[in-house]
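This report refers to the structure that appears directly beneath it.
In the text below, chain A, chain B and the rest are named by the order of the sequence lines, each starting its count at 1.
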Amino acid sequence: MSKNKLLLIDGNSVAFRAFYAIQNFESFKTKSGLHTNAILFFNNMLDNIMQKEEPSHVLIAFDAGKTTFRHAFFDDYKAGRAKTPGEFKEQMPYIRELIEAFGIQHYELADYEADDIIGTLARRVSADDFEVVVISGDKDLTQLADKNIRVEVTTKGVSELTTYTPEFIKEKYGLEPLQIIDMKGLAGDSSDNIPGVTRVGEKTAIKLLAEYGSVEGLYEHLDELKPSKMKENLINDKEQAFLSKKLATIDVNAPIDVAVESLAYSGKDIDKLVPFYREMEFKQQLNKLDTTGLTGTSEPLTEISYEVVTEAATSMFSDGMSLYVEMLEPNYHTSDISGVAWGTKEKLYVSFGDDILSQDSFKEWLDDENLTKIVYDAKANQVALKRYGIDLKGVAFDVLLASYLIDTNDKSEDLAEVAFNYEYYDIDTDESVYGKGVKKGLPAEDSVLFQHLARKVKALASLQPKLDQLLVEKEQHELFYDMELPLSRVLGEMEIEGITVNAQRLQEMKQEFAVQLKGIEERIYELAEEEFNINSPKQLGVILFEKMQLPVIKKTKTGYSTAVDVLEQLKDQAPIVEHILEYRQIAKIQSTYVEGLLKVIQPDGKIHTRYVQTLTQTGRLSSVDPNLQNIPIRLEEGRKIRQAFVPRKKDWQIFSSDYSQIELRVLADIANDQHMREAFVEGQDIHASTAMRVFGLSSEEVTSNIRRQAKAVNFGIVYGISDYGLSQNLGISRKEAQQFIDTYFEKYPDIKTYMETIVREAKDKGYVETLWHRRRYLPDINARNFNLRTFAERTAINTPIQGSAADILKIAMIKMAKRLKEENMEATMLLQVHDELVFEAPKEEIVKLEQLVREVMENAVELSVPLKADSSYGNTWYEAK
DNA sequence: ATGCTCACG
DNA sequence: ACGTACGTGAGCATC
């Protein structure tokens with residue numbers, strides 16, 4: 001017979017811990033502004049515990065009110081506590097609602113604390129045939145621990161639990177559980193304002209209790225103590241000690257009117273939980289409910305009807321349909337196509353695998369520019385279909401792209417998650433249908449796949465008008481239709497084209513670097529007088545800071561920092577440091593670039609990156625698999641990697657063009673700063689010009705060092721400057737850095753005004769925008785937490801600058817692609833690196849290309865300052881510098 | 001899965 | 001007093 005198990009949870013303390021589990025609670029808010037961090041973490045904790053413990057009975061206890069029986073004999077009990085934040089209080093009613101939806105009873109009792117309720121019930125039932133588990137956010141309840149009562153205390157927020165058994169308490173404190181009360185009597189507890197004995201803390205209390213067993217025992221034998229300050233304190237505070245013990249003692253005989261039978265647990269109340277999660281906007285939790293197969297209890301999705309197609313016919317296709325191409329792998333260059341679905345809300349077609357893609361009527365539909373389609377991730381579809389010789393045309397709407405523009409914070413990749421955000425629920429997540437990790441795969445029944453795909457297509461059709469309306473409301477119609485959607489096509493073409501890589505050159509480098517690394521490695525082992533893993537910051541830290549006793553300059557969360565700036569400072573103190581720096585540099589090039597790139601060269605001899613168009617908060621692109629936006633350039637050793645990037649044909653060249661100072665030009669424009677604008681209009685060296693203005697120098701007086709400092713200040717301005725950041729960058733004191741900043745603002749008052757205005761605007765509206773209305777919401781901008789708030793303020797300053805620059809590049813790319821076609825050029829756009837475009841072209845076209853790229857980039861948009869593009873070319877990307 | 005380090009703009 | 005420059009991706013070690 002299975003034993004009964006009662007789970008008792010201290011609702012207040014766990015909720016409180018849940019609230020502080022995360023610093024950044026401003027990010028956990030519903031659309032209507034309710035904070036949900038404590039609710040969410042409470043939910044997750046509850047889910048974990050219920051799954052782990054599988055209790056037969058459950059109760060969550062709460063404190064009743066402000067005063068308890070303890071206040072009757074001690075007015076100041078729990079006095080002096082900081083006020084509970086409003087963001088926490090507002091969540092408590094919802095936590096109770098959550099508990100009810102979990103099908104769990106909660107209880108509170110006037111004059112008593114949750115501790116007393118738990119203590120009373122625990123003792124009452126543990127006498128019977130009950131195992132009791134107590135969950136709390138603080139250690140007060142550990143005094144209850146015995147062979148039938150296990151006390152678990154949350155740590156790390158609420159994600160982990162520490163088990164307090166009598167054995168554990170013995171080991172940790174050398175005390176029996178009940179002696180915890182005596183310890184509190186002597187040492188007190190500042191959080192509850194329990195006084196204890198003056199100058200007696202946990203350590204002293206434990207020592208005394210080891211000798212005398214309890215507060216009573218101690219005072220009986222007080223004369224045996226040698227005269228000391230401590231003895232005096234004990235004598236003076238005798239009354240306080242007994243009072244404190246009384247305060248700390250949990251009342252295990254509280255008048256509780258609950259029959260344990262009524263606490264029997266019979267499972268979640270799904271009908272309450274689903275709407276509750278929706279109200280709280282807990283998408284993952286909703287998702288989880290679907291996957292746990294709660295058959296019959298959860299609202300099943302509607303079965304929608306669809307037609308399975310093996311032979312496509314022209315009659316199945318019409319203008320304005322939605323299309324979904326299913327791939328299970330993220331890399332759409334290589335992933336299999338598992339199925340295709342299309343249709344309208346009313347009529348849905350599905351087909352298994354990729355057979356349909358070779359059928360003419362299907363191809364003709366996709367290829368027809370006049371038959372528009374609504375899709376999810378147009379670029380992925382474009383690239384994947386191209387492998388079947390299909391040129392996807394007529395994409396009129398991309399749900400993924402639109403949802404990104406509407407809210408860049410929305411990280412959902414899955415259509416179901418996007419749909420949930422817009423209150424469309426008739427769809428499963430991919431994870432719930434295909435699984436995840438090693439178990440990921442197509443469902444056993446084809447009908448499950450078909451149903452899922454049909455739902456997706458229906459969702460696309462349903463979401464499109466909503467999203468389109470939102471784009472209008474946010475003034476993002478043009479951003480979407482004239483910038484992002486056309487760009488997605490251009491990016492797709494670049495990804496399909498790929499860039500040719502000279503694998504042989506990389507192989508040579510691999511050999512050379514291997515030899516070099518071997519040599520440095522040996523030298524390091526010699527100097528360390530032992531072998532260790534140089535790549536391990538932990539092991540390296542032991543060698544440098546323990547064995548060799550070098551001074552610790554910076555620490556990380558987990559140990560000593562061994563980052564470059566730290567090692568640079570230690571260079572003179574031990575020769576090993578220089579070798580480690582060199583090792584690091586070469587090891588990085590070897591593993592990330594030489595070996596990394598060799599791994600991703602495709603059979604066509606090219607590398608095909610993927611640009612992620614819906615990720616960054618600023619509107620920039622990112623590049624993955626591999627990242628071609630961080631190929632080394634600053635140091636010569638790494639820069640050589642670029643020798644491996646070559647044109648696809650003999651007698652062709654790599655051509656590169658980059659915007660000069662685009663971010664500062666954008667700043668000059670949006671801040672409307674006369675001085676900075678003048679410098680650009682007159683074509684001056686902007687950093688030198690800043691140096692002259694800020695330090696009051698003539699152009700001859702600007703040394704390279706002064707220019708360097710001015711450059712750092714300019715960078716700082718773009719990033720939302722702080723004295724600390726600038727001081728770190730320049731290796732000067734904070735005071736000096738602040739002096740620079742002050743002078744800068746004096747000389748460029750319009751920049752200062754811009755910064756103040758944009759931060760003000762962000763605080764009022766909750767978001768900032770680029771020149772083309774790309775939006776970034778800043779939930780932390782009014783946070784009380786200093787770090788979060790100042791970070792959001794810097795972001796408010798930086799995002800319009802970085803984002804508008806990104807917009808300009810995007811416009812230039814669209815225009816460039818168009819012009820290359822119009823001019824019938826063979827030149828091809830291959831890469832984008834934030835302010836740079838890389839092409840390959842026949843030698844004969846270079847002169848024309850040079851003119852064309854300059855013309856397009858410099859006139860991509862019109863600002864109040866000129867845009868400038870510089871270009872170069874050569875046999876490899878290395879030579880195009 | 002997470003943290004550290006380091007590559008780029 | 002607080003502890004940071006803005007935006008990314010990848011490899012490696014460690015848990």
**Complete:** Of C/dG3, C/dG7, C/dA5, the nucleotide closest to the side chain of A/Phe715 is C/dA5

**Asked** In the structure shown, which nucleotide is the Watson-Crick or G-U wobble counterpart of C/dG11, with both distances under 3.5 Å?
**Response** B/dC4

**Item:** Euclidean distance for C1', C/dG3 against B/dA7 (whole angstrom)
**Value:** 25 Å

**Message:** If you compare every side-chain N and O of A/Gln728 against the phosphate oxygens of C/dG3 (OP1, OP2), does one of them come in below 4.0 Å?
**Reply:** no

**Asked** Is any side-chain nitrogen or oxygen of A/Ser561 closer than 4.0 Å to OP1 or OP2 of B/dT5?
**Response** yes

**Request:** Answer with yes or no whether A/Ser622 presents, from its side chain, a donor or acceptor under 3.5 Å of a partner atom in the base of C/dT8.
**Result:** no

**Prompt:** Can a side chain N or O of A/Arg584 be found less than 4.0 Å away from OP1 or OP2 on B/dT5?
**Reply:** no

**Message:** Using the rule ring-ring contact (aromatic ring centres under 6.0 Å, His included), only one of A/Phe839, A/Tyr878, A/Trp877 pairs with A/Phe645; which is it?
**Reply:** A/Trp877

**Asked** Quick one: does NZ or CZ of A/Arg775 land under 6.0 Å from the six-membered ring centre of A/Tyr767, within 45 degrees of the ring axis?
**Response** yes

**Request:** Counting heavy atoms from C-beta on, name the nucleotide in B/dT5, C/dA5, C/dT14 closest to the side chain of A/Lys538.
**Result:** C/dT14

**Message:** Base of C/dG7, side chain of A/Arg776 - is there a donor-acceptor contact under 3.5 Å?
**Reply:** no

**Asked** Out of A/His773, A/Arg774, A/Gln802, which residue meets the side-chain hydrogen bond (donor to acceptor under 3.5 Å, both in side chains) rule with A/Asp807?
**Response** A/Arg774

**Message:** Whether A/Arg794 contacts C/dC6 is assessed here as follows: a side-chain N or O lying under 4.0 Å from the phosphate OP1 or OP2. Is that the case?
**Reply:** yes

**Prompt:** Does a side-chain N or O from A/Arg634 land closer than 4.0 Å to OP1 or OP2 of B/dG9, or not?
**Reply:** yes

**Message:** Which residue in the set A/Leu667, A/Ile751, A/Val759 passes side chain to side chain contact (heavy atoms under 4.5 Å, CB included) when paired with A/Ile797?
**Reply:** A/Val759

**Asked** Considering only heavy atoms and no angle criterion, is a donor-acceptor pair shorter than 3.5 Å present between the side chain of A/Gln629 and the base of B/dC8?
**Response** no

**Asked** Using atom C1' of each nucleotide, how far apart are B/dC6 and C/dA1 to the nearest Å?
**Response** 32 Å

**Prompt:** In residues 831-840 of chain A, which ones come under 4.0 Å of DNA chain B, going by heavy atoms?
**Reply:** A/Val833, A/His834, A/Asp835

I'd like a table of atom pairs between the protein and nucleotides 10-12 of chain C - only N or O on both sides, under 3.5 Å - with the distance next to each one.
| from | atom 1 | to | atom 2 | distance (Å) |
| --- | --- | --- | --- | --- |
| C/dA10 | OP1 | A/Asp625 | N | 2.9 |

**Prompt:** Does the side chain of A/Glu484 come under 3.5 Å of the side chain of A/Gln476 through a donor N or O and an acceptor N or O?
**Reply:** no

**Message:** Strictly below 4.0 Å: does A/Thr799 bring a side-chain N or O up to OP1 or OP2 of C/dG7?
**Reply:** no

**Item:** Nucleotide of B/dA7, C/dC2, C/dG9 approaching A/Leu615 most closely (side-chain heavy atoms)
**Value:** C/dG9

**Prompt:** Can A/Arg610 be said to sit on top of A/Tyr332's aromatic six-ring, NZ or CZ under 6.0 Å from centre and within 45° of the ring axis?
**Reply:** yes

**Asked** Looking only at atom C1', what distance separates C/dA5 and B/dT2, rounded to whole Å?
**Response** 24 Å

